[in-house]
Number of protein chains: 2
Amino acid sequence: MSAAGATILLVDDHSVVREGYRSVLQKQPGLRVIAEAADGAEAYRLYKSETPDLVIMDLSMPGIGGIEAIRRIRQWDKSARILVFTMHENAGFAVQAIRAGARGYVTKTSPPETLVRAVMDVLAGKIAISPDIDHELALSRISGENSAADVLTPREFEVLRLLLAENTTEEIAETLHVSPKTVANLHSMIKDKLGVGSDIELVRLALRQGILTEVDLGEA
Amino acid sequence: MSAAGATILLVDDHSVVREGYRSVLQKQPGLRVIAEAADGAEAYRLYKSETPDLVIMDLSMPGIGGIEAIRRIRQWDKSARILVFTMHENAGFAVQAIRAGARGYVTKTSPPETLVRAVMDVLAGKIAISPDIDHELALSRISGENSAADVLTPREFEVLRLLLAENTTEEIAETLHVSPKTVANLHSMIKDKLGVGSDIELVRLALRQGILTEVDLGEA
DNA sequence: CCAGCACCGGGAAATTTTCACGACGGTGCA
DNA sequence: TGCACCGTCGTGAAAATTTCCCGGTGCTGG
């Protein structure tokens, strides 16, 4: 953090949203937005050339998404400070982001003060989670706790991903080099472990937990 | 439109985004933001009390969504001018919005100039569609054109909705007062007409077409 | 060494999906 | 009026699938 104030890199694919960040942040003395990126790849490139004190990052972006961008940036600079600012209000994304190396997670429904506060906290070395997500997290701890990836074995999780992406059991069996029968068994096991009765519920669960993102839908 | 400039109502559940709108619009002489709303119900209430010249509306919001808000406002004031400004880049939402009474549809990835241009166009009585959606629309015209609701009979569409919302065949049969067998037949017919092989593809298609919105997922 | 677990698949029963068929009411048209 | 067509609803039987239970492998930690 230089004497002239903390430098910030803004990452969001919506230009109007970046405009909003700017407007909110520039009211705050000691903060300086020095660069903007519209996708993960650009964010990574700009981080390396600008090395800002803080990155404010959206999650859902075309091409390389936010989670992957966080991972790459952190790989390049282990001390990078990244604050996630996104529309997704479910705990699944927050967990993923933090695990990937984010130092904060704030939802876009939060008032501007919350964002500013989180920026300050992260710059001060603290972890910042917005209240609504904190609450969500607490809830998921208490109830059920069938938090997707934990209860599934690696193989099962892989099948789940393919199930959501590709389509037929045969195709998955082929790409995995196992018999279709095994895939069917895994599929059944997955639904059992996740406590869902139908494939439709399965997709909805995956969507909620962030295993399948809405943006992935375009390719089909 | 008063002599002091066009009055605008901003509707978006993300405060930082509203900040962005403001920042972009206030650079434009002749535009004046007079009110802001964070959900559909508030938007409707504010429209009635303020009667702005233009509404800039997001689609995905908690409670009453954008589409429904457009419908209500247009019902109250047939000449209401509403410009949709949303993250959803698929043609399905655009069609729904326009059908509900919107006069324009611009995606959030568009540069600020496009938004400003659309605002001006709608205020001038024109219909404004951002280029990317125009393109999407054209594409869906050319290829397939299995645009969901058109190919399905009312009954089939109803079953599809219930399938995506509730879960078991039996429950749907019960709420519809028909035999489970009929529901299964409809279910099969739907997948046939829509050209999908599995329920998973079905959900993905519904998601793309906006029949099922991501926000609906929270209730489950 | 053994218990536990992930992983792979077979077999058979249960269930679901699909397909072919018939019936009924409404609508449009000659 | 008669008739063809479509949407809806249901049946029944074949086909496919899901599910459940089983045995076998290999790995890991106590």
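Atoms considered below: every heavy atom in the structure, side chains included; atoms not considered: hydrogens, waters and symmetry mates. A quick note: this is a predicted structure, and the numbers were derived from the prediction, not measured.
- Checked for salt-bridge contact, B:E201 and B:R204 miss the test: no charged N lies under 4.0 Å from a carboxylate O.
- With respect to B:E68 and B:R71, a salt bridge is recorded, a charged nitrogen being found less than 4.0 Å from a carboxylate O.
- A:R45 meets the salt bridge (Lys or Arg N to Asp or Glu O under 4.0 Å) test with no other residue; sequence neighbours excluded.
- Protein atom CZ of B:F157 is 13 Å distant from nucleotide atom P of D:dT8, rounded to whole Å.
- Checking A:R103, A:K126, A:R81 one by one against A:D121, the salt bridge (Lys or Arg N to Asp or Glu O under 4.0 Å) holds for a single residue, A:K126.
- When rounded to the nearest whole Å, the span between CD1 of B:I190 and P of D:dT8 equals 10 Å.
- C:dC8 atom P lies 15 Å from atom CD of A:E174, rounded to whole Å.
- Computed from coordinates, the B:L186 CG to C:dC19 C1' distance equals 15 Å when rounded to whole Å.
- No side-chain heavy atom of A:K193 sits less than 4.5 Å from a side-chain heavy atom of A:L160.
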Q: Sugar-phosphate means primed atoms, P, OP1 and OP2; the rest is base. With that split, encode nucleotides 10-30 of chain D 5' to 3' as B, S or - using protein heavy atoms under 4.0 Å.
A: BBBB-----BB----------
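- Between the P atom of C:dG9 and the CD atom of A:E156 lies a distance of 15 Å, rounded to the nearest Å.
- Taking the charged nitrogens against the carboxylate oxygens, A:D77 and A:K48 have no contact shorter than 4.0 Å, which rules out a salt bridge.
- Atom C1' of nucleotide C:dA6 and atom CG of A:L176 are separated by 14 Å, given to the nearest angstrom.
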